[in-house]
Amino acid sequence: GNAIFVPARVFKNGIKATLEKGYAANHKDYVRTTTVSKPTEAQFKAAEESFERNAKHLSSGGNYRFESELESKQTIFKNKVLEGARKFNNKALEAEDMFFLKRAYKDSFARYLRANNIDPAKATAEQIANAENYAQNEAWKATYRDASKIATAFEKFSRTNKGTKVFFDAILPFRKTPINILARGVEYSPVELLKAVTYDAAQVKNGKMEAQEMIDHISSGLTGTGIVALGAWLASLGLVSGGDDEDKKLQNFEELQGKQNYALKIGDYSYTLDWAAPISLPLFVGVEAYNAFNGGKFDSGDVFSAVIDAIGKTADPMIGLSMLQNIESILSGQYGGEGNGFWNLLKEAGMSYVLQLFPTL
């Protein structure tokens, strides 16, 4: 996930640099954050030094669990082999994360300096602080370590008593990372682009949001929209498969022949891509959108149901390829019945409320 997110970030930053350059031409007080121009050796060296100064802070708090310093040092397994394996696994995850975090931090810091023609030898303390703040946020977002109000709320609620903590640890053992991966999947999608050109634009106009933030949202939204279009194109060529087929008998028959959901198809072989989150989320939204609008559903004449089904299918990857999958499994099992998953429950409840607005003939 970390590795495959790099090209998407590079593409997004390219769009962002172009938009910022155009915006800065008409707003002389605007401070750019990135550029497509290569930073100087001095700027790369300053980025390396900055990372070394802030490495401990950047890695603080961990990524996979909300743990205090005391909790992270607790012994979980009495068996020394199991405990050793647990500690090794945690350290390996942190080391892998730090590799990508350092890369993102140094690149963001150096390009901030280059975009604003800042010579590290002559830079003010404020300029360095601004570059470090920007690089820190970009590095945390790149490795899903950024602050999350939803994840924090989950964690606070889970600690209300032992019962809720056991329940949340069972269905969402890792809260911060999967929620941030889901957030990146939404940010890199047409939803973010639509939000940026409407809500964000109004916020900037009213002075409640910086133009830098709006441009960042537009850039990630444009990138995600391109990924959605790529997914639809690959689906049209028959190279990528989506989620479950609504015809359960057909689905079971295809599975017996080796069909895999959310997979790249090459000849008689298929390779699942669900591991590629968050980029897999908008990609498969495009796949499901193509399948929904090209499956003959609109021939029935029931346009309302067809549109609802299409929206539902495009929401499937967001549920099936994220931490929501565990919640869906629980709801699906509790309420029983084939196909009564998370989305169907929401759809049925939503349609019920909508139809209540119209009295029957």
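Only heavy atoms go into these numbers, but all of them, side chains included; no hydrogens, no water, no symmetry mates.
Comment: Asp107 engages Arg111 in a salt bridge, judged by a side-chain N to carboxylate O separation of less than 4.0 angstrom. In this structure, Glu94 does not pair ionically with Lys91, as no charged nitrogen and carboxylate oxygen lie closer than 4.0 Å.
Checked by atom type and distance alone, the side chain of Glu52 never pairs as donor or acceptor with a backbone atom of Glu49 at under 3.5 Å. Side chain of Glu83 to backbone of Phe77: a donor-acceptor contact under 3.5 angstrom is found. Remark: the backbone N or O of Lys141 is paired with a side-chain donor or acceptor of Arg184 at under 3.5 angstrom. At distances below 3.5 Å, at least one donor-acceptor pair connects side-chain atoms of Asn116 with backbone N or O atoms of Tyr112. The backbone N or O of Ala55 sits less than 3.5 Å from a side-chain atom of Ser59, completing a donor-acceptor pair. Of the possible polar contacts, none joining the Ser50 side chain to the Ala47 backbone as a donor-acceptor pair under 3.5 Å is found. A donor-acceptor pair under 3.5 Å is absent between the side-chain atoms of Trp140 and the main chain of Ala147, judged by distance alone. Without hydrogens or angle criteria, Asn291 side chain to Ala235 main chain gives no donor-acceptor distance under 3.5 Å. For Glu192 (side chain) and Ser189 (main-chain N/O), no donor-acceptor pair under 3.5 Å exists by modelled atom type. Between the side chain of Ser270 and the backbone N or O of Ile266, no donor-acceptor pair lies under 3.5 Å.
Remark: Glu210 CD to Ile215 CD1 distance equals 11.0 Å, nearest 0.5 Å. The distance from the CD atom of Glu48 to the NZ atom of Lys106 is 4.0 Å, given to the nearest 0.5 Å. How far CD1 of Ile4 is from CZ of Arg9: 14.5 Å, rounded to the nearest 0.5 Å. To the nearest 0.5 angstrom, Asp97 atom CG is 4.5 Å from Arg145 atom CZ. Rounded to the nearest 0.5 Å, atoms CG (Leu281) and CD1 (Ile227) are 10.0 Å apart. Between Leu58 atom CG and Met98 atom CE the span is 6.5 Å, to the nearest 0.5 Å.
The side-chain hydrogen bond (donor to acceptor under 3.5 Å, both in side chains) test with Thr33 singles out one residue from Glu20, Glu138, Gln212, and that residue is Glu20.
Other residues, nucleotides and ligands contribute over 12 non-hydrogen atoms within 6.0 Å of the CG atom of Asn79. Within a 6.0 Å sphere centred on OH of Tyr269, other residues, nucleotides and ligands contribute 12 heavy atoms or fewer. Annotation for Lys195: atom NZ counts as buried by contact number, over 12 foreign heavy atoms lying within 6.0 Å. Environment of CD1 in Ile150: sparse, with no more than 12 heavy atoms of neighbouring residues, nucleotides or ligands closer than 6.0 Å.
Between Tyr134 and Phe109, the ring centre distance reaches or exceeds 6.0 Å.
Using a 4.5 Å cut-off on side-chain heavy atoms (C-beta onward), Pro120 and Lys45 make no contact. Side-chain atoms of Lys16 and Asp216, non-hydrogen and from C-beta on, do get closer than 4.5 Å to each other. Put simply, the side chain of Leu19 reaches to within 4.5 Å of the side chain of Ser219, judged on heavy atoms. Side-chain contact between Val31 and Asn130: absent, with no pair of heavy atoms (C-beta onward) separated by less than 4.5 Å. Within the 4.5 Å cutoff, no side-chain heavy atoms of Thr75 are placed close to those of Lys78. At least one side-chain heavy atom of Leu101 sits under 4.5 Å from a side-chain heavy atom of Phe51. Side-chain contact between Asp146 and Asn137 is absent, with no heavy-atom pair separated by less than 4.5 Å. Counting heavy atoms from C-beta outward, Leu234 and Lys265 have side chains that stay 4.5 Å or more apart.
Classified by interplanar angle (parallel below 30°, tilted 30° to 60°, perpendicular above 60°), the ring pair Phe284/Tyr262 is perpendicular. The aromatic rings of Tyr30 and Tyr23 stand perpendicular to each other, their planes meeting at an angle above 60°, with 30° marking the opposite boundary.
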Assess the residue pair Asp200 and Glu213 against the criterion (side-chain contact (heavy atoms from CB on, under 4.5 Å)); give the C-alpha distance rounded to whole Å, side-chain angles, the decisive distance to 0.1 Å, and a yes or no. CA-CA 8 Å; Asp200 290 359; Glu213 189 175 353; over 6 Å; no
How far apart are the C-alpha atoms of Arg103 and Val6, what are their side-chain angles, what is the distance that settles it, and do they pass the side-chain contact (heavy atoms from CB on, under 4.5 Å) test? CA-CA 10 Å; Arg103 176 195 173 104; Val6 172; 3.7 Å; yes
Go through it in stages, so that I can follow the logic: the residues are Phe5 and Phe100, the test is side-chain contact (heavy atoms from CB on, under 4.5 Å), and I'd like the CA-CA distance, side-chain angles, deciding distance and then a yes or no. CA-CA 10 Å; Phe5 193 39; Phe100 288 98; over 6 Å; no
Run the side-chain contact (heavy atoms from CB on, under 4.5 Å) check on Ile128 and Thr124 step by step: do they pass? CA-CA 6 Å; Ile128 294 297; Thr124 64; over 6 Å; no
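Inspection of the Gln136 and Asn54 side chains reveals no N or O donor paired with an N or O acceptor under 3.5 Å.
Criterion: ILVMFWY side-chain heavy atoms under 4.5 Å apart, direct or through other members. Under it, Leu237 and Leu230 are part of a common hydrophobic cluster. By the criterion of side-chain heavy atoms lying less than 4.5 angstrom apart, applied directly or through intervening Ile, Leu, Val, Met, Phe, Trp or Tyr residues, Leu264 is grouped together with Trp233 in one hydrophobic cluster. The hydrophobic clustering, which links ILVMFWY residues whose side-chain heavy atoms are closer than 4.5 Å, places Leu239 and Leu283 together. Note: the hydrophobic cluster containing Leu193 does not contain Leu182 (ILVMFWY, side chain heavy atoms under 4.5 Å, direct or indirect links). Linking Ile, Leu, Val, Met, Phe, Trp and Tyr whenever their side-chain heavy atoms come within less than 4.5 Å leaves Val228 and Phe11 in two separate clusters.
Taking all atoms of both residues into account, the shortest heavy-atom contact from Thr34 to Ala115 is O-CB, 3.5 Å. Of all the heavy atoms in Ala201 and Val197, the pair that sits closest is CB-O, 3.7 Å. Across all non-hydrogen atoms, the minimal contact from Tyr144 to Asn180 is O-ND2, 3.0 Å. In this structure, Gly185 and Pro278 approach most closely via the heavy-atom pair N-CB, 3.8 Å. In terms of heavy-atom proximity, Gly231 sits nearest to Val287 at O-CG2, 3.4 Å. Counting all heavy atoms, side chain and backbone alike, Thr225 lies closest to Gly221 at OG1-O, 2.7 Å.
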